[in-house]
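Written out below as structure tokens is the structure these notes cover.
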There are 2 protein chains.
Amino acid sequence: MATRTPRNTLNAELIVRTALDLMEARGTDAFSLRGLAAELGVGPMALYTYFRNKDDLYDAVRDHLMALVPPVPAGASWPDQVRAVCRGLRRLMLEHPCLAQLLASRPLSGHETARVAEGLLGVLRDAGFDNETAARTHTTLFTFVLGATSWEIQMAAERRDPEAWRRLRTTMEALPATEFPVVVALAPELARTTGGDDQFDYGLDLLLAGLAAKAAG
Amino acid sequence: MATRTPRNTLNAELIVRTALDLMEARGTDAFSLRGLAAELGVGPMALYTYFRNKDDLYDAVRDHLMALVPPVPAGASWPDQVRAVCRGLRRLMLEHPCLAQLLASRPLSGHETARVAEGLLGVLRDAGFDNETAARTHTTLFTFVLGATSWEIQMAAERRDPEAWRRLRTTMEALPATEFPVVVALAPELARTTGGDDQFDYGLDLLLAGLAAKAAG
DNA sequence: ACCTGAACACCGTTCAAGT
DNA sequence: ACCTGAACACCGTTCAAGT
């Protein structure tokens with residue numbers, strides 16, 4: 001939009017911030033390099049001076065967001081520290097839904113992403129887990145948070161589209177109770193597990209209970 | 001491709017099977033309705049007679065694949081039954097990588113998808129969990145399998161692209177050991193947790209250990 | 001180094017029309 | 001009901017050129 005931007009006013013930081021604003025305002029899927037360039041008042045190719053391609057820009061936006069993951073709280077027990085990091089990451093994903101897609105579609109890299117990993121891995125090592133267990137646990141926790149929160153965000157987005165939501169409810173209610181007795185009987189409970197703090201903490205507590213058993217045994 | 005297909009030879013089943021073949025052969029991201037129509041020898045708009053839009057076709061392909069999730073093994077303990085269902089779903093996702101994206105991007109619906117949910121929910125109810133716990137556990141297990149396996153598939157795809165893989169290794173090795181001592185020290189172990197049966201079973205066993213504690217307590 | 005402009009090879013979907 | 005053809009409003013990226 002707007003008028004043409006004069007030369008040498010563009011930079012990587014501005015591009016990343018504008019990209020993030022655009023994803024937040026118009027939706028992650030609607031984001032395009034052409035739209036971003038228009039918003040910045042430059043031609044699409046101007047962006048290629050700062051980023052190799054679209055994925056490269058995605059990585060930069062992701063790292064920009066990962067800087068907002070709060071640090072590990074000092075002086076807490078290790079399970080509470082793990083809880084804090086996982087909840088902090090989930091919270092950030094809920095505040096910036098594009099982060100879910102950015103984390104899921106690209107391998108981890110970048111300074112701020114490493115910082116988050118360093119925090120969680122440090123907690124696990126200090127808790128006394130050996131290197132392999134710490135690494136396995138880190139990946140398990142990360143993929144759990146990513147999977148659970150991505151799903152939550154996806155379901156919330158579906159609920160926002162009234163037409164899609166109506167169709168989903170219709171097909172759910174049309175399921176034959178003779179063929180799917182348990183799904184039909186538990187439909188209300190299932191609908192309540194598509195998201196929310198309680199559902200997330202339930203899964204996280206299962207993992208932590210398993211970990212505690214491992215640490216004790 | 002090929003020549004023009006005569007009228008009335010098209011049907012939903014053929015479209016779904018061809019779409020799946022195309023996703024498998026050329027990659028999920030490269031899939032397009034126009035490419036599918038060309039493969040079928042029809043105009044792009046011919047598909048709209050059978051599917052409302054691209055998402056509607058995606059739902060059909062997903063349900064087509066979910067039919068291949070093996071049934072719950074009878075006569076096993078409930079933790080082994082849970083293990084079997086989760087492993088079966090993961091195995092299918094690894095065999096058909098597009099399933100990961102199809103599950104993650106759309107809400108669950110369809111006959112075969114309901115069948116899989118019915119199986120797992122039935123196991124949990126028969127294990128003695130109340131309705132809410134069964135529903136919460138089902139969603140937790142599903143999002144865990146989805147998150148862990150999607151990540152595994154994504155990392156495997158990245159490894160296949162030599163240029164992207166080289167860049168990833170380079171940035172990992174360039175991380176300063178003074179700022180990220182634990183990440184650098186555990187880099188070999190972390191690289192080994194990006195996938196594989198052991199990594200998946202480790203996370204699944206944590207969840208099952210947490211569940212067992214809950215069932216006992 | 002930084003950015004433009006035209007071009008290439010695509011997309012999903014609407015609309016009006018044909019059989 | 002089933003399918004076509006043209007059109008609309010887009011994409012990411014390459015390439016050659018300009019400052």
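In the text below, chain A, chain B and the rest are named by the order of the sequence lines, each starting its count at 1.
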Subject >> Strand DNA chain C in bracket notation, Watson-Crick/G-U under 3.5 Å with | for pairs to another chain >> reply: ||.|||||...|||||.||
Subject >> Whole-Å distance separating the CG atom of L14(A) from the C1' atom of dC3(C) >> reply: 15 Å
Original post:
Considering only heavy atoms from C-beta outward, does the side chain of L141(B) approach that of V85(B) to under 4.5 Å?
Top reply: no
Subject >> Atom-to-atom span, CG of N11(B) to C1' of dA1(D) - whole angstrom >> reply: 14 Å
Subject >> Minimum side-chain heavy-atom gap P97(B)-E24(B) below 4.5 Å >> reply: yes
Original post:
Expressed in angstrom and rounded to an integer, what is the separation of R52(B) atom CZ from dC2(D) atom C1'?
Top reply: 18 Å
Original post:
Please walk me through it: do T133(A) and E189(B) pass side-chain contact (heavy atoms from CB on, under 4.5 Å)?
Top reply: CA-CA 9 Å; T133(A) 308; E189(B) 284 86 356; over 6 Å; no
**OP:** Examine distances only and state if a side-chain atom of T139(A) and a backbone atom of R136(A) form a donor-acceptor pair shorter than 3.5 Å.
**Re:** no
Subject >> Residues from residues 44-51 of chain A lying under 4.0 Å of DNA chain D - heavy atoms >> reply: M45(A), Y48(A)
Original post:
Roughly how many Å is it from CG in N53(B) to P in dG12(C), rounded to a whole number?
Top reply: 11 Å
Original post:
Whole Å only: how far is the CZ atom of F31(B) from the C1' atom of dC11(D)?
Top reply: 17 Å
Original post:
Looking at side-chain heavy atoms only, is the closest gap between L103(A) and M93(A) below 4.5 Å?
Top reply: yes
Original post:
To the nearest angstrom, how far is R34(A) atom CZ from dA7(C) atom C1'?
Top reply: 10 Å
Original post:
Are the side chain of Q154(B) and the backbone N or O of P107(A) linked by a donor-acceptor pair below 3.5 Å?
Top reply: no
Original post:
Does NZ or CZ of R106(A) fall inside the cone over Y58(A)'s six-membered ring, less than 6.0 Å from its centre and within 45° of the axis?
Top reply: no
Subject >> Residues touching DNA chain D, which here means a heavy atom under 4.0 Å, drawn from residues 99-107 of chain A >> reply: none
Subject >> Pairwise C1' distance for dA16(D) and dC3(C), with rounding to whole Å >> reply: 13 Å
Subject >> Rounded distance (Å) that lies between atom C1' of dT14(D) and atom NZ of K54(A) >> reply: 17 Å
Subject >> Pairing of R83(B) and D205(B) as salt bridge, 4.0 angstrom limit >> reply: yes
Original post:
Where do D63(B) and S109(B) come nearest, in terms of heavy atoms and distance?
Top reply: OD1-O, 3.5 Å
**OP:** Could you walk me through whether H64(B) and E112(B) pass the side-chain contact (heavy atoms from CB on, under 4.5 Å) test, one step at a time?
**Re:** CA-CA 7 Å; H64(B) 183 78; E112(B) 293 304 320; over 6 Å; no
Subject >> Atom-pair distance (CD1 on I15(A); P on dC2(C)), nearest Å >> reply: 11 Å
**OP:** Can you see which heavy atom on I153(A) is nearest to which on A100(A), and at what distance?
**Re:** CD1-CB, 3.8 Å
Original post:
Considering only the C1' atoms, how many Å lie between dC10(C) and dA9(D), rounded to the nearest integer?
Top reply: 13 Å
